[in-house]
Amino acid sequence: MTDAVMKDAQLLWDYQLMGHSPRPCSVAIGLGSHDLGVADVTAELYRQGMAPLIVFTGATSRTTRDQMPRGEAEHYRERAIELGVPSDAILVERKARNTGENIRFSRALLEEQGVRVSSVLLVSKPYEERRAYATARKLWPDVEFVSASAPMTMANYAESIGDARLVVDMLVGSLQRLLIYPAQGFMISQEVPQDVRDAYERLRAQGFTSRIVPEAAQAE
């Protein structure tokens, strides 16, 4: 993990952050993952009055099946309750296995519950803000999305995860999806600055590819 690698990774990290300021929304949706910090942020935003209702969404994946055997959304719910969120302020969507399903299934659950939604506080890991936003805008275009994540530096996030290389791999994977998924209909297209593209290509060439998907792959 050379200085050059970390400099390139920082470019990708900074680009992924949407820079939105949290504001009150109809609902907060916490996107399932290996990172319980998403539940922490969602609970804190609820306590701040940013949303009257939370949806946690996510089944399990190859990276979470051991640490979250009851499903990502269920573990998020338990964590939020530990942090003081009342159980009746939380809906749980347990089937989604990718970001697109997180959005589609959460939308369907809210419609089933009769919840009117005009805006969503979309809570994710920091390096997936832009990817989650682009996916949500494609699949739920009539709703306003406000992105949120833990206010952490890349270095602090890598330290909290305990695996800097994995974080760089994840950053490369997230950027790749932003480049290829719009043409496949999975998310809206967004401009990617040339310096970010160049950093991405350098990191790929150096082998940070464990989260790369085939270009014809289904959305994750």
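From a predicted model like this one, the values you see are computed outputs, not experimental measurements.
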Look only at the side chain of [X] and the backbone of [Y], and say whether a donor-acceptor pair between them is shorter than 3.5 Å.
{"X": "Thr153", "Y": "Asn156", "value": "yes"}
{"X": "His75", "Y": "Leu36", "value": "no"}
{"X": "Arg204", "Y": "Thr209", "value": "no"}
{"X": "Gln176", "Y": "Val172", "value": "no"}
{"X": "Tyr76", "Y": "Asp35", "value": "yes"}

With sequence neighbours left out, what residues match [X] under salt bridge (charged side-chain N to carboxylate O under 4.0 Å, His left out)?
{"X": "Glu129", "answer": "none"}
{"X": "Arg202", "answer": "Asp8"}
{"X": "Glu111", "answer": "Arg107"}
{"X": "Arg165", "answer": "none"}

Can you find a pair of side-chain heavy atoms, one from [X] and one from [Y], that are under 4.5 Å apart?
{"X": "Gln16", "Y": "Pro126", "value": "no"}
{"X": "Leu109", "Y": "Glu112", "value": "yes"}
{"X": "Trp13", "Y": "Leu171", "value": "yes"}

[X] to [Y] - nearest heavy-atom pair and separation:
{"X": "Pro141", "Y": "Leu139", "answer": "CD-C, 3.5 Å"}
{"X": "Leu11", "Y": "Ala199", "answer": "CD1-CB, 3.8 Å"}
{"X": "Ala158", "Y": "Val167", "answer": "CA-CG2, 3.9 Å"}
{"X": "Val92", "Y": "Ala73", "answer": "CG1-CB, 3.6 Å"}
{"X": "Lys138", "Y": "Gly185", "answer": "CE-O, 3.4 Å"}

Checklist entry - Within 45° of the ring axis of Phe145 and under 6.0 Å from its six-membered ring centre, is that where the NZ or CZ of Arg137 lies? => result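 So Arg137 doesn't make the cation-pi contact.
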
How would you list, by chain and number, every residue that makes a side chain to side chain contact (heavy atoms under 4.5 Å, CB included) with [X], sequence neighbours excluded?
{"X": "Ala134", "value": "Leu178, Met187, Ile188, Gln190"}
{"X": "Ser21", "value": "none"}
{"X": "Gln194", "value": "Arg197, Asp198"}

Checklist entry - What pairs with Gln10 under side chain to side chain donor-acceptor pair (under 3.5 Å), at least two apart in sequence or on another chain? => result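 Partners of Gln10 under the side chain to side chain donor-acceptor pair (under 3.5 Å) test: Asp14.
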
Item to check | side chain to side chain donor-acceptor pair (under 3.5 Å) partners of Glu82, counting only residues at least two apart | outcome: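 Checked Glu82 against side chain to side chain donor-acceptor pair (under 3.5 Å); zero matches.
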
Distance (rounded to the nearest 0.5 Å) between [X] [atom1] and [Y] [atom2]:
{"X": "Ser210", "Y": "Met170", "atom1": "OG", "atom2": "CE", "result": "7.0 Å"}
{"X": "Leu110", "Y": "Gln113", "atom1": "CG", "atom2": "CD", "result": "8.0 Å"}
{"X": "Glu144", "Y": "Cys25", "atom1": "CD", "atom2": "SG", "result": "6.5 Å"}
{"X": "Glu128", "Y": "Leu17", "atom1": "CD", "atom2": "CG", "result": "12.0 Å"}
{"X": "Arg104", "Y": "Thr135", "atom1": "CZ", "atom2": "OG1", "result": "10.5 Å"}

Can you list, pair by pair, the side-chain donor-acceptor contacts under 3.5 Å of residues 39-57, counting residues two or more places apart and other chains?
residue : atom : partner : partner atom : Å
Asp40   : OD1  : Arg79   : NE           : 2.6
Asp40   : OD1  : Arg79   : NH2          : 3.4
Asp40   : OD2  : Arg79   : NH2          : 3.3
Thr42   : OG1  : Val38   : O            : 2.7
Glu44   : OE1  : Arg47   : NE           : 3.3
Glu44   : OE1  : Arg47   : NH2          : 2.4
Glu44   : OE2  : Gln48   : NE2          : 2.9
Arg47   : NH1  : Leu83   : O            : 2.9
Thr57   : OG1  : Glu93   : OE1          : 2.5
Thr57   : OG1  : Asn102  : ND2          : 2.9

Item to check | Flag for Tyr181-Thr99: side-chain donor and acceptor within less than 3.5 Å | outcome: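 Looking only at side-chain atoms, Tyr181 and Thr99 do not form any donor-acceptor pair under 3.5 Å.
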
Item to check | Residue pairs passing the ring pair (Phe, Tyr, Trp, His ring centres under 6.0 Å) test where at least one lies in residues 79-134, sequence neighbours excluded | outcome: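 Sorted result for residues 79-134: His20-Tyr133, Tyr127-Tyr157.
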
Which side-chain N or O atoms in residues 114-124 pair as donor and acceptor under 3.5 Å with protein atoms at least two apart or in another chain?
residue : atom : partner : partner atom : Å
Ser118  : OG   : Ser26   : OG           : 3.3
Ser119  : OG   : Ser26   : N            : 3.1

Checklist entry - For Glu159, does the CD atom have more than 12 heavy-atom neighbours from other residues, nucleotides or ligands under 6.0 Å away? => result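 Not more than 12 within 6.0 Å, no.
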
Checklist entry - Is Met152 reachable from Val168 through a run of I, L, V, M, F, W or Y residues, each pair having side-chain heavy atoms under 4.5 Å apart? => result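 Result: yes, single cluster for both.
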
Checklist entry - Should Arg94 and Glu74 count as an ion pair when the cut-off is N to O under 4.0 Å? => result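 So Arg94 pairs with Glu74 through a salt bridge.
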
